[in-house]
Each structure stands twice: as structure tokens, then as C-alpha cells.
Amino acid sequence: MGKLKLGYAPTRRFVFSAEDAFKYKVLIREKMDSFGLDIEIVDLEGLNNEGLLYDDLYNAEEIVKHFQHHEVDAVFFPHCNFGTEDMVGRVAKALGKPVLLWGPRDEAPLEDGMRLRDTQCGLFATGKVLRRFNVPFTYITNSRVDDPVFERGFRNFVAAANVVKEFRRLRILQIAPRPSSFWTMMCNEGELLEKFGIEIYPITLEDIKTAAKKVGAKGGPEFDEAVSYIKEHLDYSEVGEEAVNKIAALKVAMKQYAAKTASTAIAIQCWSSLQDAMGIMPCLANAILTDEQIPVTCETDIHGAITSIMVQAASLNTKPTFFADLTIRHPDNPNGELLFHCGNFPVSLSVEEKPQLRKHFLFDDHSPGTHEGEIRGGEMTLARFDGDHGEYSIFLGRAKGIQGPYTRGSYVWVEVNDWPLWEEKLVKGPYVHHSVGIHQDVIPALYEACTYIPGLKPDPVDPSESEIQAWLRGKDWQR
């Protein structure tokens, strides 16, 4: 996935110090660069003598064209003094991208009583004008350049903007319809397109079977690489060479189909016609693709695929997700729960150095293809995009890994703050038994992303909405 492109449009007003505005433009840019984020910053250098947005309609129009030409995904308008609120509003409205509003805290007035910037006052003005333009925006508390609250807010905005970017270009490769008995996996394809612009590209099991056979017969570098990966990273002694080749061919075929259809995620009917058609289960192929930033969800879970892309994007595409059933409560811990699936968790998350590639344990014919074993614990985010009756929300909660009994499949036991509360919220819906996990706290980013996705409500269970807002203003988490 490509880097996020951030438009950098520092702004000033003519009645305050132009020199200090220029100074802060440079200081803010240096600070952003120091954060080490893997993003591309598109600034205003060369568009005018100052590289600033100020009270000039022509200048504002040129800035819009500049950012559109560079296809920025979000725009940051730091107020280097009071700023020019009407020009900020015009540029933000024309671009239609996530907007970050912030300004560096002012110094004390000079000895003669004059003030150089009046940044905070300008932020009040711009906030009102953005509302007049119907432009949603993110705000960071007026603070100094070196204050932790600025870095926290900036990082979170960039992550949220990346979620919006990936959400707006979502296309899901659907491999076969949902299993007939899995009513929980129903979704409204037309509504997803109408409300969110999300496209579904369906193909049949016969399509993927034919493609995989061609890959296996032809071979080639992609196929050889997939076979080598399986043999190097897994213990495949239980299933043999033929199964390894079939799994590798399926993985390559799915990846090629995703590329051909410009799909960023896949939902596959793994239960259970595919094993009859191909003699394997797709679990390990799903795991490898998810590790490669093409998340694959089981049981044709379209909403799960949407969740996976959002969660992955919130990490700036730096960590793999895992797609899990919420399965049973911990036998001893009242707030413990088992996250499980048949064998689709990314191999990179495994506790064992060489987890086992096995035959599926739930079907009589025991087709090979499940990658089994425990994954590492630690701090996690669990999320679920879902909806019914035309209303959509995203469930958000924190969890941490704990010890628990051995079970088959890929799994991890977790503890949450109040499992009965979670359970009630999940059962009452609009959610189901599937969730997406990631080993990072991305809840504030997903929460903020909903600002820019009309029709999607954040639904946090831990932390609460007020705790997330307090964290963004600088307060640390309490557990």
C-alpha cells in the first residue's frame, strides 16, 4: 500500500508577525520530520515567497491545484500566527480530505504590550469557518511544538487519515457466496456501495480452482517463493509435498486475482466446498496473504474484510491483523476469552518457531491446510465493523494476552476490562462472533477516522468515548 500523502499548509495573517509565522513554519516541519513516520509531506514551497497560506484568493486556488496534482490524502493547517480562516475554509472544502487544525501556543506579550501571533484566537475563528463550510476536522489542543500532546495528536491524525484513505478505496474480492447456514455473514452489498463506496468483486470457487491449477502447473517465481516460505516457516511433515504445492498455488492465485481486480482484501468461502473442490483448506494461504498486507477473512465475511483493512490502516500498515472467532470464556478468568480460528492467523505472530501445518480437525475427510498453534499475547486492539437496518458502527476494545489451555487451530487467550459488558454489547449487536485483532492500540485512530466516514459511528467499550477524547487532549490511559 502506498504511503499516506499529507498536505502541509501553514497559514498566517497579515496583521501579525510574518517573521514569526515563517519561523514556526520551519519549526513545525522539522518537528513532523523528527517523528519518523513513513509518510510523504507535500508542502507549499515554490508556490509563493513564503511557503505559507495567507489572505490571497489566487494563492488559495493555486494551493488547491497543487495538492490535487500531488493527490494528497489529508491536509494539515497549522496556524503560525492568527491565520487566514476564510482561505483555510476554501482550500479544505475544495479538497474534501481529512483536515488537521492546530497552532503552536503563544509566548507572553512583548515588553511594550504587543503580541506577535495570537494563534489561539485564530483557531477559534477557523473552527467556526470550517463548520460553515461543512468541513469535518480534527483538532489538537493549542500547545507548544515540543509538547507531547502535539506529537500524540499528529500521529493519531495521520493514522486516522490512513484509515479513511484505505476505506474510501475499498474493493473486496469475494470468493464464492457465504456458506448457506451462516446467516450471520449476510451483508447488504448495494448499501455498502451506496453509503460508503465499498465495491465487492465476486468470483466462483471454480474460478479460483482453475486459477490455482494453472499456477501449480506453470510454476514460476511467485509459486516457488510460496513453496519455499511454507517449507522454511512451518513443520509440514503431517501433510506432505503435494499439499504444500496446492496451498502455495492457491495463495498465489488469490494474490494474482486481488491484483487483477484492484482488491485490497479478500473474503473466501472456506467452509467447506473448497476442500471438496481442491482437496485442501485455505487457512494457511489466508494467513500468508494477511501477513503480506492482503487480509483474508473466512466464511465470506465481507464486514470482517472491511474491519481488517481499517485496523491494518490504523497501524499505518506496519503490523498484520488476525481474524478470530470470539469463542468461549476462560475456564478460570471471568474476564478472559478465547480468540480462535481454524488456522488462519499470520505465521509471523506464532509463538512456536515452526508451527505445524496440519489436516483440518473438524471435517471427516481431514483435508490439509490449517496452520495451527498459539500466537503471542501482549496489548491488542479488537474491532468489528458491522451493521443492519441501514445503521453501521465499529466496535472497539482493548485486550491483553493471558495464559490459557491448549486448543486446536490458531488461537490466543485474552483478558478484557469487563467481559460481561463486552458480551452483552456483542450479543445485542449489530455485531457477530467475528472480530479483528492487532498487536497495537489503534482505537483512538479508528475513533477519529469515523469523523470522516458519514454513516459510521464509533462504538468503544474500553476505553470509553470520554476517555479517548481525554487521551487526545493529553491525559494518559487508566486501567
Side-chain angles (χ1 to χ4, degrees), residues 4 6 73-76 92 95-102 127 130-131 133-140 152-170 172 187-188 191-198 264-265 295 302-317 321 381-398 422 425-426 429-432 435-438 440-473 477:
L4 180 101
L6 178 68
D73 303 301
V75 191
F76 178 26
L95 292 172
K97 302 293 184 180
V99 167
L100 178 60
L101 184 62
W102 171 80
L130 288 173
R131 286 180 57 85
F133 276 98
N134 294 310
V135 172
F137 64 94
T138 297
Y139 179 68
I140 302 174
R152 176 179 292 185
F154 183 83
R155 287 180 176 274
N156 196 69
F157 173 77
V158 167
N162 200 51
V163 174
V164 176
K165 170 192 172 184
E166 297 300 336
F167 188 90
R168 287 179 176 176
R169 71 184 194 99
L170 247 172
I172 298 167
C187 76
N188 189 326
E191 195 168 76
L192 289 174
L193 181 62
E194 293 161 3
K195 288 180 74 73
F196 304 117
I198 296 172
T264 52
I302 299 295
H303 288 175
I306 295 168
T307 314
S308 297
I309 285 294
M310 294 181 73
V311 172
Q312 178 176 278
S315 77
L316 289 180
N317 309 313
T321 60
T381 293
L382 299 180
R384 173 72 190 185
F385 169 99
D386 224 321
D388 51 38
H389 299 87
E391 296 183 354
Y392 291 82
S393 57
I394 182 167
F395 176 93
L396 302 168
R398 292 183 293 181
W422 282 53
K425 184 180 281 284
L426 290 163
Y431 311 108
V432 298
S435 67
V436 174
I438 195 167
Q440 186 174 327
D441 183 1
V442 295
I443 291 172
L446 291 166
Y447 173 87
E448 191 64 30
C450 293
T451 300
Y452 305 100
I453 304 175
L456 179 61
K457 297 178 181 178
D459 189 11
V461 64
D462 175 39
S464 67
E465 189 164 6
S466 61
E467 288 173 324
I468 294 170
Q469 292 168 346
W471 182 85
L472 289 168
R473 292 192 295 268
W477 295 130

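Keep in mind that the numbers below use all heavy atoms, side chains included, and drop hydrogens, waters and symmetry copies.
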Please check: side-chain N/O of [X] versus main-chain N/O of [Y], any donor-acceptor pairing under 3.5 Å?
X	Y	value
Tyr452	Val99	yes
Thr307	Phe385	yes
Asn156	Pro444	yes

For residues Glu448 and Thr138, is any side-chain donor paired with an opposing acceptor at under 3.5 Å? yes
Within a strict 4.5 Å, meaning less than it, do heavy atoms of the [X] and [Y] side chains meet?
X	Y	value
Asp459	Tyr431	yes
Pro295	Ile309	yes
Val163	Val442	no
Ile453	Met310	yes
Phe395	Asp386	no
Tyr139	Leu130	no

Where do [X] and [Y] come nearest, in terms of heavy atoms and distance?
X	Y	answer
Ser308	Thr321	O-CG2, 3.8 Å
Ala159	Ala445	CB-CB, 3.6 Å
Arg168	Gly96	NH1-O, 3.3 Å

Contacts of Phe157 meeting ring-ring contact (aromatic ring centres under 6.0 Å, His included) (sequence neighbours excluded), chain-then-number -> none
